[in-house]
Trainee: 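Following this message is one structure expressed as structure tokens.
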Amino acid sequence: MTLLYFIIVLGVTVFIHEFGHFIFAKKSGIYVYEFSIGMGPRLFKFKRKNDETEYCIRLFPIGGFVSMAGEDIEVDKNIPDDKQMFNKPWHNRFLTVIAGVMFNFLLAIILLIIVGLNVGVPENKNKIVELDKKYPIYKTNIKVGDTITKVNNVKVRNQDMLMLELAVHNGKTVNITVKHKNNKIETVKVKPKKIKEKGKDTYKYGLALENKVHKGFIPALKFGFTKVVDLLEQMVKIIFYLITGKLSLSNLSGPVGIYNIVGESAKAGFINIIYLIAYLCVNVGFINLIPLPAFDGGRAFFLLIEKITGKKVPPKVENTIHTIGFVLLMILMVAITYNDIMRIIK
């Protein structure tokens, strides 16, 4: 069942992304050779009547692509010029490039609304509702009813950001700034306690936060949009912490790591699978927005340069940069997969 869920989770995430590119390419009149889900050898393919596109399912469910005429350097002389991507107006090319990201975010919002309607929307405020007597925090000036506003002078406006900051400083004493019930602001040093959890060492601070659940369509609707924004904010910070060295590549997960996460999520119920798809959609959308070679953001960046300068970047130069970026991306994926496997072995 884990394998089935894994295929569903990655398949839906990849499909919606590639479908965004595909539908905008078709609407723009760009000739599409192939719409493919998965990578590697083809399992099967088909064509629809009066449609030039070949639809394929490939062996490995870890990606996909939409192959379009005029996307690369070589000009296909068998395809009319007006169906080549590079001959289309700037706005058509730009929308086609970023459509995958747009569709990922849109699906994430819809799925999160569904999650909110089914299980309710958890409170996301950093209000402390319980302190454990067995932890050092109990002996500080932090009290039940206080609201955490900063960790090591970094603002944490909700529980998602608070958990991220505590995770970044895992095992270390941190300065927690709280707003007391009398509105007084105070910063307190808090030391975590090392405990065994599922056979592994982990660190806990000994506090519990507001955990009310809100029901109804309006809270669910709001949750769909605000959660996507919160996740994007977290991902921006994670990239920053990776660059500055506060987080290492070992904290990232690839397909093998996702497989394990899918297995754990499935045990908690199918609604968790839906949430995971939403989370991965935001993740894939965000990563593809980064203006680096081989990503959609990199292609969009070259289009923005063209718009600003009024001149197209030479196709040969752009494609060479994207090829180098793709090779580096594959090396990164191998490193992340190696870390995933080592975590499982340990």
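Worth knowing before you read on, the calculation uses all heavy atoms, side chains too, and leaves out hydrogens, waters and symmetry mates. Just so we're clear, the structure is a prediction, and the values are computed from it rather than from any experiment.
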Trainee: Once the angle between the rings of Phe24 and Phe103 is folded into 0 to 90°, is it parallel (under 30°), tilted (30 to 60°) or perpendicular (over 60°)?
Mentor: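 It falls in the perpendicular class, over 60°.
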
Trainee: Please identify each residue that fulfils salt bridge (charged side-chain N to carboxylate O under 4.0 Å, His left out) with Glu165, with sequence neighbours left out.
Mentor: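 With neighbours one apart ignored, the set is Lys237.
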
Trainee: Using every non-hydrogen atom in the two residues, find where Val121 and Pro219 come nearest and quote the distance to one decimal.
Mentor: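 What the structure gives for the nearest pair is CG2-O, 3.5 Å.
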
Trainee: Can you list every pair that meets salt bridge (charged side-chain N to carboxylate O under 4.0 Å, His left out) and has a residue in residues 6-15, with sequence neighbours left out?
Mentor: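 Applying salt bridge (charged side-chain N to carboxylate O under 4.0 Å, His left out) to every pair that reaches into residues 6-15, excluding sequence neighbours, yields nothing.
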
Trainee: Please report the shortest heavy-atom distance between Val119 and Val213, naming the atom on each side.
Mentor: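 Between these two residues, the closest heavy atoms are O-CG1, 3.6 Å.
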
Trainee: What's the spacing between Leu43 CG and Phe60 CZ if we round to 0.5 Å?
Mentor: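 It is 9.0 Å, given to the nearest 0.5 Å.
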
Trainee: By the side chain to side chain donor-acceptor pair (under 3.5 Å) test, which pairs, at least two apart or in different chains, include something from residues 85-98?
Mentor: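 As it turns out, the side chain to side chain donor-acceptor pair (under 3.5 Å) pairs with a partner in residues 85-98, which skip direct neighbours, are Ser28-Asn92, Arg93-Glu306.
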
Trainee: Would you list the pairs meeting salt bridge (charged side-chain N to carboxylate O under 4.0 Å, His left out) in which at least one residue belongs to residues 204-219, sequence neighbours left out?
Mentor: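 Found Glu197-Lys204.
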
Trainee: Quick one: side-chain contact (heavy atoms from CB on, under 4.5 Å) partners of Lys196, sequence neighbours excluded?
Mentor: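 By the side-chain contact (heavy atoms from CB on, under 4.5 Å) rule, Lys196 matches Asp201.
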
Trainee: Taking the side chain as C-beta and beyond, is there a heavy-atom pair between Phe105 and Leu289 under 4.5 Å?
Mentor: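 Counting from C-beta outward, Phe105 and Leu289 do come under 4.5 Å.
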
Trainee: Roughly how far, to the nearest 0.5 Å, is the CZ atom of Phe217 from the CD1 atom of Ile113?
Mentor: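 The CD1 atom of Ile113 sits 6.5 Å away from the CZ atom of Phe217.
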
Trainee: With a 4.5 Å heavy-atom cut-off, do Leu112 and Thr226 have their side chains touching?
Mentor: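 Side chain of Leu112 against side chain of Thr226, heavy atoms only: no contact under 4.5 Å found.
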
Trainee: Please list all pairs passing the salt bridge (charged side-chain N to carboxylate O under 4.0 Å, His left out) test where one or both residues lie in residues 56-66, with sequence neighbours left out.
Mentor: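 Applying salt bridge (charged side-chain N to carboxylate O under 4.0 Å, His left out) to every pair that reaches into residues 56-66, excluding sequence neighbours, yields Glu34-Arg58.
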
Trainee: Quick one: ring pair (Phe, Tyr, Trp, His ring centres under 6.0 Å) pairs with a partner in residues 28-49, sequence neighbours left out?
Mentor: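 Sorted result for residues 28-49: Phe15-Phe35, Phe22-Phe35, Tyr31-Tyr33, Phe46-Tyr55.
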
Trainee: For residues 292-305, tabulate all N or O donor-acceptor pairs below 3.5 Å that involve a side-chain atom, not counting sequence neighbours.
Mentor:
| residue | atom | partner | partner atom | Å |
| --- | --- | --- | --- | --- |
| Asp296 | OD2 | His17 | NE2 | 2.9 |
| Asp296 | OD2 | His21 | NE2 | 3.1 |

Trainee: State whether the number of non-hydrogen atoms from other residues, nucleotides or ligands found under 6.0 Å of Lys47 atom NZ is greater than 12.
Mentor: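 It does: Lys47 NZ has more than 12 such atoms within range.
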
Trainee: side-chain contact (heavy atoms from CB on, under 4.5 Å) with Val14: which residues, sequence neighbours excluded?
Mentor: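 Val14 satisfies side-chain contact (heavy atoms from CB on, under 4.5 Å) with Glu18, Ile37 only.
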
Trainee: Are the side chains of Gln234 and Asp160 in touch, meaning some heavy atoms are under 4.5 Å apart?
Mentor: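 Side chain of Gln234 against side chain of Asp160, heavy atoms only: contact under 4.5 Å found.
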
Trainee: With a cut-off of 6.0 Å (strictly less than), are more than 12 heavy atoms of other residues, nucleotides or ligands near NZ of Lys222?
Mentor: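 Counting other residues, nucleotides and ligands, NZ of Lys222 stays at 12 neighbours or fewer.
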
Trainee: For Thr149, give me all partners under side-chain contact (heavy atoms from CB on, under 4.5 Å), at least two apart in sequence or on another chain.
Mentor: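 In terms of side-chain contact (heavy atoms from CB on, under 4.5 Å), with neighbours along the sequence ignored, Thr149 is linked to Thr177, Lys179.
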
Trainee: Applying side chain to side chain donor-acceptor pair (under 3.5 Å) as the test, list every pair that has at least one member in residues 125-142; sequence neighbours left out.
Mentor: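 Qualifying pairs, neighbours excluded: Asn141-Glu186.
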
Trainee: Decide whether Ile287 and Leu328 are clustered together by the hydrophobic rule: side chain heavy atoms of Ile, Leu, Val, Met, Phe, Trp, Tyr closer than 4.5 Å, transitively.
Mentor: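 Ile287 does not cluster with Leu328.
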
Trainee: Show every salt bridge (charged side-chain N to carboxylate O under 4.0 Å, His left out) that has at least one partner inside residues 95-109, sequence neighbours left out.
Mentor: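 Those involving residues 95-109 do not exist here.
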
Trainee: Indicate whether any N or O donor in one side chain lies under 3.5 Å from an N or O acceptor in the other, for Thr147 and Lys181.
Mentor: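 There is no such pair between these side chains.
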
Trainee: Which heavy-atom pair separates Val32 from Thr53 by the least distance, and what is that distance?
Mentor: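 Taking Val32 first and Thr53 second, the nearest heavy atoms are O-OG1, 2.9 Å.
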
